[in-house]
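In what follows, a single structure is set out as structure tokens and then discussed.
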Amino acid sequence: MTRWFRDFGWRHVVGFAALAFALFPLVFVISASLNPRGTLTASVRLFADASLDNYRALGDIPYTFWFVNTLWIAGATAVATVLLAASGAYAFSRFRFHGRRLGMLGLLLVQMFPQILAAVAIFLLMAQIKGALPGIGLGTQWGLVMVYLGGAMGVNIFLIKGFFDSIPRELDDAAKVDGASHARVFFTIILRLGAPVLAVIALLSFIATVNEFMIASIMLQDPERKTLAVGLYGLVSEQLSANWGAFSAGALLGAIPSVLLFRFLQRYIVSGLLRGSVKG
């Protein structure tokens, strides 16, 4: 028994300890969402007074609008990010042109500065754009999507390029011999073979958009246009009237789409990240 524990058993102990460490915050939030008092201090006794009052309370606020807004903004951002990043990665991977290496280096250097540093500039820029193009200016969801598209484009292009480099160029040449254009090669061959890394980029972009708060709070002020992160923050922003129970309930429901998407794309994640990270 001692030998088994020394060779294998300690791994189970470490695994169970890590699992408990990871699950406890989730269990605590679930308990808080079922606590009718709406506080976190009364949630020390887990599931002491469980009820669905907090979930019913979500019907008294525009939670449905926040939920739908988040899904649509995150979905549009994920799809547009994949298309733009894949297009840029295809150009860097398959074409040879002056400034190619400098362009890749520039994309990576830009990503060293977090987007929040440009919050004031984004606000002023979108306010000016609203005067000329009201549909994508300050206070619009399309404008928020446009801002998100530039947030992590460099890293995404670099990751996708590494994956595209692993796709044999002979496939491109064979398609071109049959009369295929670059556009057809890109859409019919490269995108299909690059599905694993594209799924990873779409998942990461979706989750990042769902969780993003600062830029969304600057761009969206209309209560019915807010995202979940901004709307739920309003439930706990006031110290004397913070409703942590409804906040926990809304956060749990809002996490369901990300969990389902992660579960659906799980088989692509490992292969997409590994193949995209080993090629230059």
Side-chain angles (χ1 to χ4, degrees), residues 61-63 65-89 92 99 102-160 201-244 247 250-251 254-255 257-258:
I61 58 178
Y63 181 83
F65 289 99
W66 301 341
F67 191 88
V68 174
N69 293 339
T70 301
L71 290 183
W72 123 250
I73 293 174
T77 301
V79 173
T81 297
V82 168
L83 291 177
L84 289 177
S87 301
F92 281 110
L102 185 61
M104 287 295 300
L105 180 61
L107 286 174
L108 292 179
L109 290 178
V110 169
Q111 300 305 308
M112 295 176 59
F113 304 96
Q115 195 176 30
I116 189 59
L117 293 180
V120 176
I122 290 173
F123 176 82
L124 296 176
L125 178 63
M126 299 308 293
Q128 292 294 326
I129 291 177
K130 186 177 182 180
L133 299 172
I136 59 173
L138 186 66
T140 64
Q141 296 175 351
W142 273 113
L144 182 60
V145 172
M146 296 298 178
V147 174
Y148 284 153
L149 289 182
M153 195 60 64
V155 174
N156 293 336
I157 290 177
F158 190 81
L159 183 62
I160 297 176
I201 297 301
L203 176 63
L204 296 179
S205 176
F206 185 90
I207 294 177
T209 304
V210 170
N211 295 333
E212 202 282 323
F213 167 77
M214 188 61 67
I215 301 299
S217 65
I218 295 174
M219 287 288 300
L220 304 176
Q221 300 298 327
D222 187 350
E224 294 186 355
R225 291 178 177 267
K226 293 181 178 180
T227 60
L228 269 178
V230 179
L232 291 177
Y233 174 75
L235 299 178
V236 295
S237 58
E238 299 294 336
Q239 182 177 2
L240 299 180
S241 61
N243 191 343
W244 289 101
F247 177 88
S258 299

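FYI, side chains are in, hydrogens and waters are out, and symmetry mates aren't considered; it's all heavy atoms of this structure.
The closest side-chain heavy-atom distance from L71 to F206 is below 4.5 Å. Under the 4.5 Å side-chain criterion, counting only non-hydrogen atoms from C-beta, N243 is not in contact with V236. You'll find the side chain of Y148 stays beyond 4.5 Å of the side chain of S205, heavy atoms only. Under the 4.5 Å side-chain criterion, counting only non-hydrogen atoms from C-beta, L220 is not in contact with V230.
Residue F213 qualifies as enclosed at atom CZ: its count of foreign heavy atoms under 6.0 Å is above 12. Remark: W142 CH2 is loosely packed, at most 12 non-hydrogen atoms of other residues, nucleotides or ligands lying under 6.0 Å away.
The OG1 atom of T140 sits 8.5 Å away from the CE atom of M146 when rounded to the nearest 0.5 Å. Taking CZ of F123 as the reference point, atom CD of Q128 lies at 10.5 Å (rounded to 0.5 Å). Separation of atoms CG (L232) and CZ (F67) is listed at 11.0 Å; rounding is to 0.5 Å. For the atom pair I122 CD1 and L138 CG, the distance stands at 11.0 Å (nearest 0.5 Å). Atoms CD1 and CG, on I129 and L124 in that order, are 11.0 Å from each other to the nearest 0.5 Å. With values rounded to the nearest 0.5 angstrom, I218 atom CD1 is found 10.5 Å from L144 atom CG.
Residue I73 is tested with T227, V210, V68, L228 for a side-chain contact (heavy atoms from CB on, under 4.5 Å); the sole match is T227.
A pairwise comparison of heavy atoms in Q141 and R225 identifies NE2-O, 3.4 Å as the closest pair. Closest heavy-atom contact between A78 and A202: CB-O, 3.6 Å. For the pair E224 and F65, the tightest heavy-atom approach, listed with the atom from each and the gap, is O-CB, 3.8 Å. Contact detail for A216 and E212: the closest heavy-atom pair is N-OE1, 3.0 Å. Contact record, A89 with I160: CB-CG2, 3.5 Å, taken as the closest heavy-atom pair.
Although no hydrogens or angles enter the test, the distance criterion places no donor-acceptor pair under 3.5 Å between the side chain of W244 and the main chain of L235. With N69 contributing its side chain and K226 its backbone, the two residues share a donor-acceptor pair below 3.5 Å.
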